[in-house]
Every structure is written in structure tokens, then in C-alpha cells.
*Asks:* 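Handing you this structure, nothing more for now.
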Amino acid sequence: MERGVLPLSSVGAFDLQSTVESGQSYLWSRADGRMYESTGPYGGDAWYETTARVEGEPAVVRVRQVGDRLEWESSVDAGPILRERLRLADDLPAIRAAAPGDDVVESAFDAYWGMHLVRDPPVPSLISFICSAQMRVARIHGMQEALREAYGTPVEFDGRTCHAYPTADQLAATTEDALRDLGLGYRAPYVLETARMVADGDDPVTGDLPYEEAREALTRFVGVGDKVADCVLLFSLGYLEAVPLDTWIRTTIEEYYPDCDRGNYADTSRAIRTALGGEYAGYAQTYVFHYLRTGETTE
DNA sequence: TGCCAGGCGGATT
DNA sequence: AATCCGCATGGC
């Protein structure tokens with residue numbers, strides 16, 4: 001077991017709970033089992049766990065926030081993994097400065113200041129957001145736990161057995177019925193077919209494609225439309241301008257940005273992206289999503 | 001109960 | 001290109 005500390009003094013504001021419990025990533029779990037049960041800044045120094053692959057070998061990474069530092073435990077050096085996965089290098093003040101000063105955006109930044117975007121590994125991100133269609137956040141998370149336990153490589157850590165997120169090869173070897181038995185419903189064939197595509201060598205990483213071309217390209221995977229593609233671009237592939245148009249943000253557009261509703265995904269996307277400041281529009285969107293979904297009245 | 005959830009694929013027009 | 005429809009499942 002290795003242990004380490006990442007001081008957050010150079011990172012600035014950081015809020016681990018909001019970052020991993022805001023519905024961006026479904027690849028983390030709370031060690032105390034209380035995922036999504038409470039909201040608000042600085043989640044009581046709870047431990048969170050995920051798995052990462054280092055040169056193909058899965059490892060458990062455990063982390064908690066205590067004030068202005070992150071403490072981690074892992075079988076590998078988790079520092080670089082956490083810096084990447086939690087986007088610790090992001091400059092939140094600069095990102096906020098690029099956003100509009102609208103009330104809803106300002107309130108969202110104030111409510112969850114310190115929330116970072118995540119950078120999930122591409123294939124788990126792709127699979128988990130295929131599962132997200134017409135599904136609540138907690139259940140999407142539950143599905144990923146089920147997939148890990150059913151198909152993921154067992155990893156011994158701290159006296160118990162964890163399971164890595166399954167690879168495309170592992171998922172491609174199952175059946176639609178087995179996935180339905182895990183509760184995936186009509187998403188089961190989508191997950192299976194996309195896993196087969198990836199296992200056969202079709203790589204979801206879009207390289208240096210421009211944003212709109214990258215979004216179009218990702219929709220070649222079964223179960224991936226414009227919205228899921230935007231989630232993968234934003235939460236895994238580093239396209240911070242991507243604004244996933246889900247039911248929540250469509251409601252927000254109706255209420256706060258009615259001029260941005262252009263009747264179709266591509267044009268509405270372009271308009272709301274501009275309204276949210278362009279380059280970092282997805283950051284603002286993620287704050288607004290989390291704020292409206294969980295925090296508007298209870299914060 | 002009926003409605004909804006970070007929608008998508010396929011058919012029709 | 002736009003619209004309509006069917007699709008699993010659990011929580012409220």
C-alpha cells in the first residue's frame with residue numbers, strides 16, 4: 001500500500017464531493033456507501049474509490065479530501081492519476097471569468113465552487129453514458145457497479161476484493177440477456193454492440209478532430225446520439241466546450257435562454273455554447289446541471 | 001397510479 | 001430534415 005498527499009494550495013478551490021457526485025462520472029464509489037445521499041461542499045472527508053489502469057494492470061485508487069489537501073491510498077502512485085482524472089490543473093477562476101454573469105450561472109458557481117470537471121478513461125465513459133439514456137443518476141451509477149462486479153477483473157486491495165471496470169473485450173464476451181439481467185433494459189444491446197466495435201479495434205478517442213466533427217464521429221457507436229457523444233467529449237476527451245443537451249439543460253434553455261432554442265440539436269448546441277462563453281461552455285453547463293438538479297432549493 | 005429519468009434507433013413522411 | 005414511436009426499469 002502506498003499513501004500520499006496532494007496539497008491543493010496550488011490548485012485553488014477544489015471540492016471532491018461535488019466533483020465525483022455530480023453525475024459527470026459513474027466510475028467512483030463512496031467507501032461508506034452513501035453516494036448521492038447528501039449534497040453540498042466538502043463532503044465530510046468521505047473516502048472515494050475508483051480503479052485505474054497502469055500499463056494495462058488495474059489498480060484501486062482511494063482518495064479523500066481533508067481541508068486543503070487530498071489524501072490517497074493505492075497499490076500504485078496515485079498522484080498523476082488523480083491529477084488527470086480530477087483535472088486538478090484546471091484554472092477555475094479563468095473558467096468562471098469566461099462564463100456569462102447570468103443569475104443562474106453565478107448561483108451555480110457560488111453553490112458548488114471548487115467542483116472540477118472529470119476526465120474519465122474513454123471506454124468506461126462511453127459505456128457508462130450509453131447506460132445513461134432515460135435513467136436517473138443513482139441508477140446509472142448502480143449499473144456501472146453491477147457491470148464491474150459481473151465482468152471486471154478482481155483486484156485485491158486492503159483486505160478485500162474490488163473489481164476493475166470491465167474492458168471492451170470483457171463486455172464483448174457477454175450476452176444481451178445477461179446484460180438485461182443486470183437491469184440495463186433496452187440499453188443492453190447498445191452496450192454489447194459498442195463493446196464489440198471497440199474490441200474489434202474501433203477506438204473512440206477522437207484525437208485532434210474539431211469539436212463538431214468529433215461529436216458526429218462518436219455517434220457511429222451504437223447507443224450514442226448527440227447527447228451521449230457530448231458527455232463523452234466533455235467528461236473524457238477534454239472538449240470543454242461541449243454542452244450535453246439533456247432534459248435538465250433543455251428546461252434551463254426554455255427558462256433562461258429561450259433564444260437559444262433553435263429546434264434541432266446542432267443549432268441549439270451552437271447557440272447555448274456561445275451563450276455560455278464558448279471555450280469552457282461545458283464547465284458552466286456542468287455547474288448549472290448540478291445546481292438545478294440537486295442544489296437550487298436545498299443549498 | 002402515471003410520470004419521469006443526463007435518449008436512441010428505426011420507420012415514416 | 002423533421003417527426004413519431006417503442007423501448008426497460010425503478011422511484012416517487
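Order of the sequence lines sets the chain letters (A, B, ...), proteins ahead of strands, with each chain counted from 1.
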*Asks:* Other residues, nucleotides and ligands only: do more than 12 of their heavy atoms fall within 6.0 Å of CD on A/E216?
*Replies:*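 Count not over threshold, so no.
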*Asks:* Nearest whole angstrom, please: distance from the P of C/dT9 to the CD of A/Q144.
*Replies:*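 Those two atoms, CD and P, are 16 Å apart.
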*Asks:* Looking only at heavy atoms, what is the nearest atom pair of A/G277 and A/P100, with distance?
*Replies:*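 For A/G277 and A/P100, the tightest heavy-atom pair comes out as N-CD, 4.2 Å.
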*Asks:* Roughly, in whole Å, what's the span from CE in A/M135 to C1' in B/dG7?
*Replies:*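 These atoms are roughly 10 Å apart.
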*Asks:* Using the rule that two of Ile, Leu, Val, Met, Phe, Trp, Tyr join whenever any of their side-chain heavy atoms come within less than 4.5 Å, decide whether A/V60 and A/L147 are in one cluster.
*Replies:*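 Each belongs to a different hydrophobic cluster.
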*Asks:* Between A/H290 and A/Y112, is the gap from one ring center to the other below 6.0 Å?
*Replies:*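 Here the rings of A/Y112 and A/H290 have centres that are less than 6.0 Å from each other.
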*Asks:* With hydrogens left out and only the distance checked, is there a donor-acceptor pair under 3.5 Å joining A/R187's side chain and the base of C/dC7?
*Replies:*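 Answer no: no donor N or O sits under 3.5 Å from an acceptor.
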*Asks:* Write down the distance between CD1 (A/I253) and C1' (B/dG6), rounded to a whole number of angstrom.
*Replies:*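 Interatomic distance, CD1 of A/I253 to C1' of B/dG6: 13 Å.
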*Asks:* Going 5' to 3' through nucleotides 8-13 of chain B, assign each nucleotide B (protein heavy atom under 4.0 Å from a base atom), S (under 4.0 Å only from sugar-phosphate atoms) or - (no protein heavy atom that close).
*Replies:* BS----
*Asks:* Can you check whether A/T247 has a side-chain N or O nearer than 4.0 Å to OP1 or OP2 of B/dG7?
*Replies:*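 A/T247 to B/dG7 OP1/OP2: side-chain N or O found under 4.0 Å.
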*Asks:* Can you tell me how far P of B/dA5 sits from CE of A/M143, to the nearest Å?
*Replies:*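 One finds 15 Å between P of B/dA5 and CE of A/M143, rounded.
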*Asks:* Check the distance between C/dT9's C1' and A/I140's CD1 and give it to me in whole angstrom.
*Replies:*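 Taking atom C1' of C/dT9 as the reference, CD1 of A/I140 is at 13 Å.
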*Asks:* Say you pick atom C1' in B/dC8 and the same atom in C/dG11; how far apart are they, in whole Å?
*Replies:*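 Those two atoms are separated by 23 Å.
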*Asks:* Can you check the A/R139 CZ to C/dG11 P distance for me, whole Å?
*Replies:*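 Rounded to the whole Å, the gap is 7 Å.
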*Asks:* Does A/F289 lie flat on the base of B/dG6, that is, centres under 5.5 Å apart and planes under 30° off?
*Replies:*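 Stack criterion met.
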*Asks:* Tell me the interatomic distance from A/I249, atom CD1, to B/dG7, atom C1', rounded to whole angstroms.
*Replies:*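 Between C1' of B/dG7 and CD1 of A/I249: 16 Å.
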*Asks:* Which residue, A/E71, A/R69, A/R83, forms the side-chain contact (heavy atoms from CB on, under 4.5 Å) with A/L6?
*Replies:*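 For A/L6, the side-chain contact (heavy atoms from CB on, under 4.5 Å) test succeeds with only one of A/E71, A/R69, A/R83, which is A/R83.
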*Asks:* So, does A/Q134 get its side chain near the phosphate of B/dA5, meaning an N or O under 4.0 Å from OP1 or OP2?
*Replies:*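 No.
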*Asks:* Are A/D120 and A/S25 close enough that a side-chain donor and a side-chain acceptor fall under 3.5 Å?
*Replies:*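 The answer is yes; a qualifying pair exists.
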*Asks:* Within this structure, what is the CZ-to-C1' distance between A/R136 and B/dG7, rounded to whole angstrom?
*Replies:*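 Atom-to-atom, A/R136 to B/dG7, this comes out as 15 Å.
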*Asks:* Taking only distance into account, with no hydrogens and no angle test, what donor-acceptor pairs under 3.5 Å do side-chain atoms of residues 171-179 of chain A form with protein atoms, sequence neighbours excluded?
*Replies:*
unit_1	atom_1	unit_2	atom_2	d
A/T174	OG1	A/Y151	OH	2.7
A/T175	OG1	A/A178	N	3.1
A/E176	OE2	A/R180	NE	3.0
A/E176	OE2	A/R180	NH2	3.0

*Asks:* Quantified in whole Å, what is the P atom distance between nucleotide C/dC5 and nucleotide B/dG6?
*Replies:*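 Those two atoms are separated by 24 Å.
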